[in-house]
Peer 1: 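Next up is a structure, given as structure tokens.
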Protein chains: 2
Amino acid sequence: MSISTAPSRFNSKLTSQCQNCSLSALCLPIALADEDINRLDQIIERKRPLKKGEILFHQGQAFDSVFAVRTGTLKTFNITASGEEQITGFYCPSELVGLSGIDNNNYPITAKALETTTVCEIPFSHLENLTSQIPSLKHQLFRVMSRKISDDQQMMVLLGKKNADEKVASFLLNLSNRFKKRGYSATSFRLAMSRGEVGNYLGLAVETVSRVMTRFQKNELIEVDGKEISIINLSEMQKLVGIADDCARIADI
Amino acid sequence: MSISTAPSRFNSKLTSQCQNCSLSALCLPIALADEDINRLDQIIERKRPLKKGEILFHQGQAFDSVFAVRTGTLKTFNITASGEEQITGFYCPSELVGLSGIDNNNYPITAKALETTTVCEIPFSHLENLTSQIPSLKHQLFRVMSRKISDDQQMMVLLGKKNADEKVASFLLNLSNRFKKRGYSATSFRLAMSRGEVGNYLGLAVETVSRVMTRFQKNELIEVDGKEISIINLSEMQKLVGIADDCARIADI
DNA sequence: CGCTCACTTGATTGTGTTCAAAATGTGTGG
DNA sequence: CCACACATTTTGAACACAATCAAGTGAGCG
């Protein structure tokens, strides 16, 4: 469970931090031979932590790397023609950000830290070269990108078809699943993002997010204390987002 | 401009249909040596045409292949828990469908023909093997998937932030761009999908789509004759969706 | 020719937005 | 540590946009 963040080890080329990283099974969920993990490890740069509000990369900036979040949280957003920000995703530890930059060789979105955040920088050209030597790495990369495509499509369903209650419930359950996957509580967690950011992401006004959460609390579905959320009635929440027994991923945003 | 669809050539393993295909520069926009194109060509199966309403693959079905549309149009959709269909995309010639199936080894969506449609089936395991021999093919595949991710994110912006007028205008301009890319008129084209399908895709009711189009026609932005659309005032339409000069892709859904 | 389905148009309703203001929380400098 | 400024969240009231309900029109097809 210990994640090395000591400054002395930034950019360390010592043997396999990846191997010791608690996130290794998730970030690129690779069944790699030790030797291969070492090779992967060598191309990865550990960056100094980003402080809250700091930017990892800018929309339009030349694409070099994808990044794996180690600790903290990022948001990605797009500045629209009218100048407002549209959040396209939140990224928790073990998740990969920047994949949308490959196509045009520049990032189409900005990535910003919501709190103190550390990331592993993975120079994409190195990663791509490495896939020639490690076929299973290539396959995992295809899988990660494919997964992102299906997730985004579920998000489109959410934005296009769901009402405010369903949107907020889906959002909370999605976070819950992501915490659970990393070994944290699925029912009690802290939101790294503001209500405004939640609303922006879900296509709702701040006020609506606040009202929905208050109502959920009144109906004893959740307990809210500022950014701390506890899901009290998980099964009722799941009903709300319309989980079909045979299609659990629908809830997974 | 001639695309061979004669039945006698289905599954033909003769030399390089890909090379002669008018879509070759788009489908996997590859600068491949002739020899490499032949290798790609050999793993591709030309399927018999799908009739309107026929299904290419089902949600939940085991994933084998991605498909390139050669002629016609497909829609992909997701059946939600409540049983309604949410359209996640329309696919025109040269576009690749099925990439979201890689992750879980099954398709998370259904693909259905909107009109008579021919596709090239590309068995993914073969394609993946081929990428080991042709690095530029691998890179193109990463690019295509990356592009899909950015496009979907633009779609999220549309669904989350735009009003009915902007949604419909973005949709029409997006189609316009896609026709243009393939050498067809950017201002005059036929919709393969019904108003209902447009609405479903854009998160709008049928009636709203119809009203917006009627209004656009009254304002002399477009001319509508059933499924035939002509964009009369392209620049005004672009203003409507909020194209920033420095960020043209924003309109590109 | 008659049936069905898709599309259009109108009237009404409702969900979520917007505007406004108060309450709560957070960070900073003295 | 407190006081102050500022941001975030909550709550209330009025409004607006798009959905829904309903009816009518038109096109395609057996």
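Everything numeric in this text was worked out from a predicted model, so none of it was measured.
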Peer 1: Can you figure out which of D/dT11, C/dT9, D/dA18 approaches the side chain of A/Ser210 most closely?
Peer 2: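 Given the options D/dT11, C/dT9, D/dA18, the side chain of A/Ser210 is closest to D/dT11.
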Peer 1: Answer yes if the ring centres of B/Phe189 and B/Tyr184 are under 6.0 angstrom apart, and no otherwise.
Peer 2: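 They do not qualify: ring centres at least 6.0 Å apart.
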Peer 1: What is the distance, rounded to the nearest whole Å, between atom CE of A/Met213 and atom C1' of D/dT8?
Peer 2: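 Answer to the nearest Å: 13 Å.
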Peer 1: Do B/Arg211 side-chain and D/dT20 base share a donor-acceptor contact under 3.5 Å?
Peer 2: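 Yes, the side chain and the base share a sub-3.5 Å donor-acceptor pair.
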Peer 1: Using a 4.0 Å heavy-atom cut-off across all strands, classify B/Gly226 as base, sugar-phosphate, or nothing.
Peer 2: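 Nothing, no heavy atom under 4.0 Å.
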Peer 1: For B/Lys227 and C/dC7, is the shortest distance between a side-chain N/O and OP1 or OP2 below 4.0 Å?
Peer 2: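 Indeed, a polar side-chain atom of B/Lys227 lies that close.
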Peer 1: How about CD on B/Glu84, more than 12 heavy atoms from neighbouring residues, nucleotides or ligands closer than 6.0 Å, or not?
Peer 2: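 More than 12 within 6.0 Å, yes.
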Peer 1: Compare all side-chain heavy atoms of A/Lys112 with those of A/Glu54 and state whether any distance is below 4.5 angstrom.
Peer 2: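 Side chain of A/Lys112 against side chain of A/Glu54, heavy atoms only: no contact under 4.5 Å found.
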Peer 1: B/Lys52 has an atom NZ; how far is it from atom P of C/dC5, in whole Å?
Peer 2: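 In whole Å, C/dC5 P and B/Lys52 NZ are 12 Å from each other.
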Peer 1: For the side chain of B/Glu207, starting at C-beta, report the closest nucleotide among D/dC21, D/dA18, C/dT17.
Peer 2: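 That would be D/dC21.
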Peer 1: Expressed in angstrom and rounded to an integer, what is the separation of A/Glu197 atom CD from D/dT9 atom C1'?
Peer 2: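 After rounding, the gap between these two atoms is 13 Å.
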Peer 1: Can you tell me which nucleotide in C/dC7, D/dT8, C/dT9 comes closest to the side chain of A/Ser194?
Peer 2: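 The closest nucleotide is D/dT8.
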Peer 1: What is the distance, to the nearest angstrom, from the CG atom on A/Leu114 to the P atom on D/dT8?
Peer 2: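 Rounding to the nearest Å, CG of A/Leu114 and P of D/dT8 are 12 Å apart.
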Peer 1: Does atom CD (B/Gln61) have a neighbourhood of more than 12 heavy atoms from anything else shown, all under 6.0 Å?
Peer 2: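 Correct, the count exceeds 12.
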Peer 1: Can you tell me how far P of C/dT13 sits from CG of A/Asn163, to the nearest Å?
Peer 2: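 After rounding, the gap between these two atoms is 21 Å.
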Peer 1: Rounded to whole Å, please give me the gap between NZ in B/Lys161 and C1' in D/dC17.
Peer 2: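 Rounded to whole Å, this separation is 16 Å.
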Peer 1: Looking only at side-chain N and O atoms, does B/Lys47 offer a donor or acceptor that is under 3.5 Å from a partner on B/Thr118?
Peer 2: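 The answer is no; no qualifying pair exists.
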Peer 1: Taking OP1 and OP2 of D/dA18, is either one under 4.0 Å from a side-chain nitrogen or oxygen of B/Thr208?
Peer 2: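 No, no such contact exists.
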Peer 1: Compare the minimum distances between each of C/dA11, D/dA18, D/dT10 and the side chain of A/Thr214, then state the nucleotide with the smallest one.
Peer 2: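 Comparing C/dA11, D/dA18, D/dT10 against the side chain of A/Thr214, the answer is D/dT10.
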Peer 1: For the pair made of CZ in A/Arg195 and P in C/dA23, what is the distance, rounded to whole Å?
Peer 2: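 Taking atom P of C/dA23 as the reference, CZ of A/Arg195 is at 19 Å.
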Peer 1: Looking for any heavy atom pair under 4.0 Å, which part of the strands does A/Gly199 touch: base, sugar-phosphate only, or nothing?
Peer 2: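 No contact.
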Peer 1: Whole angstrom is fine here: how far is it from CG in B/Asp225 over to C1' in C/dT8?
Peer 2: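 It is 14 Å, rounded to the nearest whole Å.
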Peer 1: Which nucleotide, D/dA19, C/dT18, C/dT8, lies nearest any side-chain atom of B/Ala205?
Peer 2: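 The closest nucleotide is D/dA19.
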